Amino acid sequence: MSKSVSPDAISAILSNPTPDSSSAVNPEIVVQVLDIKSAGNRYTFTVSDGKMKLKAILQSSLSSEVINGNIQNLGLIRVVDYTLNDIPNKNEKYLIVTKCEAVSPPLEAEVKMEVKSEGAGIQLNPKQDAGIVLKPKQEVVTKSAAQIIHEQNGNMAPSARMAMTRRVHPLASLNPYQGNWTIKVRLTSKGNMRTYKNARGEGCVFNVELTDEDTECDSCHAFGCPHVRNGK
């Protein structure tokens, strides 16, 4: 007898849950015994073929094989006849060994075989996990809005930065619906500060005169004129 487990022995058991013990074509099933322990007048254990494992019970008539030392933990047995049952309330099965033969005394360790995956042609090299690279944890630095805007402007192309700094609107082109803008003007006159009070509250206003290269904006109201209200 070979003193090694049968390749895919557990798969053979699962695919043939009720074997015909009288048949001469049944495959040889040699498995390793793991975690054998007493359970009343029976013994429970786990059978392994190096790839898969299955919970098992040794029929009470075979308990003497354990007592005599023929069947031991880490030893090999040849399963001649068995029944495969479902574990109640669990999606598992357990093997009832009704006839078996001791093949080998305890081995030095549990038999483990390398399982090769053949999925979609993907191969993982040592020290490489599907192209995923883990970087060291980076310290989170809190930045103000002004710092973020300054960095964003600094990352712009030189032509874009020049366009931002040189985009000056003439006074005549401004309107109440315009957003941010920049004007280049000369303050030609400034009136006296006056206070006011209305349903929205109190405030101060004054008149100014602004002049640019193209036109002149006369008597702009400090808070009423869109030129001053939206200016920088």
Side-chain angles (χ1 to χ4, degrees), residues 1-140:
M1 287 182 190
S2 172
K3 292 186 178 181
S4 63
V5 295
S6 302
D8 300 317
I10 303 300
S11 296
I13 293 174
L14 295 174
S15 62
N16 188 20
T18 54
D20 183 3
S21 58
S22 62
S23 174
V25 296
N26 288 332
E28 183 178 50
I29 299 175
V30 177
V31 293
Q32 187 177 30
V33 176
L34 303 174
D35 303 323
I36 190 167
K37 60 187 70 175
S38 175
N41 62 340
R42 297 184 179 185
Y43 285 88
T44 62
F45 57 104
T46 299
V47 293
S48 171
D49 62 4
K51 298 181 187 177
M52 301 176 62
K53 295 180 180 181
L54 190 64
K55 293 181 180 179
I57 298 176
L58 199 64
Q59 196 176 46
S60 56
S61 60
L62 298 173
S63 297
S64 59
E65 293 294 308
V66 180
I67 297 172
N68 295 336
N70 294 330
I71 299 176
Q72 299 183 47
N73 192 46
L74 297 180
L76 303 181
I77 61 172
R78 177 175 176 264
V79 179
V80 180
D81 198 11
Y82 63 87
T83 301
L84 192 64
N85 289 353
D86 293 321
I87 298 179
N89 302 323
K90 291 186 178 181
N91 190 23
E92 295 183 61
K93 296 182 180 292
Y94 67 94
L95 179 71
I96 301 177
V97 180
T98 56
K99 185 177 181 181
C100 68
E101 300 172 352
V103 174
S104 169
L107 304 180
E108 293 182 356
E110 179 182 341
V111 175
K112 292 184 179 181
M113 296 185 179
E114 183 181 355
V115 179
K116 295 183 179 180
S117 177
E118 298 179 356
I122 299 175
Q123 295 182 350
L124 298 182
N125 298 326
K127 300 182 181 179
Q128 183 179 359
D129 298 331
I132 299 175
V133 179
L134 300 180
K135 297 183 178 179
K137 182 179 179 181
Q138 296 181 349
E139 182 179 357
V140 178

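Computed from a predicted model, the values in this text were never measured in an experiment. Quick note: numbers below take in every heavy atom, side chains included, and nothing from hydrogens, waters or symmetry partners.
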Any Tyr94 side-chain heavy atom under 4.5 Å of Ile57 side chain: yes
Closest non-hydrogen atom pair between Ser64 and Ser61, with its separation: OG-O, 4.0 Å
Side-chain heavy-atom pair Ile29, Tyr82 within 4.5 angstrom cut-off: yes
Residue pair Arg42 / Gln59, side-chain heavy-atom distance below 4.5 Å: no
Test log, rule side chain to side chain contact (heavy atoms under 4.5 Å, CB included), inputs Thr44 and Leu58: CA-CA 6 Å; Thr44 62; Leu58 199 64; over 6 Å; no
Asn73 to Asp35 - nearest heavy-atom pair and separation: OD1-N, 2.7 Å
Flag side-chain contact, heavy atom, 4.5 Å: Leu84 against Leu54: yes
Minimum side-chain heavy-atom gap Lys53-Glu110 below 4.5 Å: yes
Derivation of the side chain to side chain contact (heavy atoms under 4.5 Å, CB included) call for Phe45 and Val31: CA-CA 12 Å; Phe45 57 104; Val31 293; 6.0 Å; no
Lys51 NZ to Ser11 OG distance, which is reported to the nearest 0.5 Å: 7.5 Å
Candidate pair Asp49 and Gln32, rule side chain to side chain contact (heavy atoms under 4.5 Å, CB included), full reasoning: CA-CA 6 Å; Asp49 62 4; Gln32 187 177 30; over 6 Å; no
Val47 side chain near Val33 side chain, heavy-atom distance below 4.5 Å: no
Student check: side-chain heavy atoms of Cys100 and Leu62 closer than 4.5 Å: yes
Steps toward side chain to side chain contact (heavy atoms under 4.5 Å, CB included) verdict (Gln72, Leu74): CA-CA 6 Å; Gln72 299 183 47; Leu74 297 180; over 6 Å; no
Rounded distance [0.5 Å steps], CE in Met52 versus CD1 in Ile13: 9.5 Å
Any donor-acceptor pair under 3.5 Å from Asn16 side chain to Ala12 backbone: no
Short side-chain to backbone donor-acceptor contact, Thr98 and Asp81, under 3.5 Å: yes
Non-hydrogen side-chain atoms of Glu101 and Val80 separated by less than 4.5 Å: yes
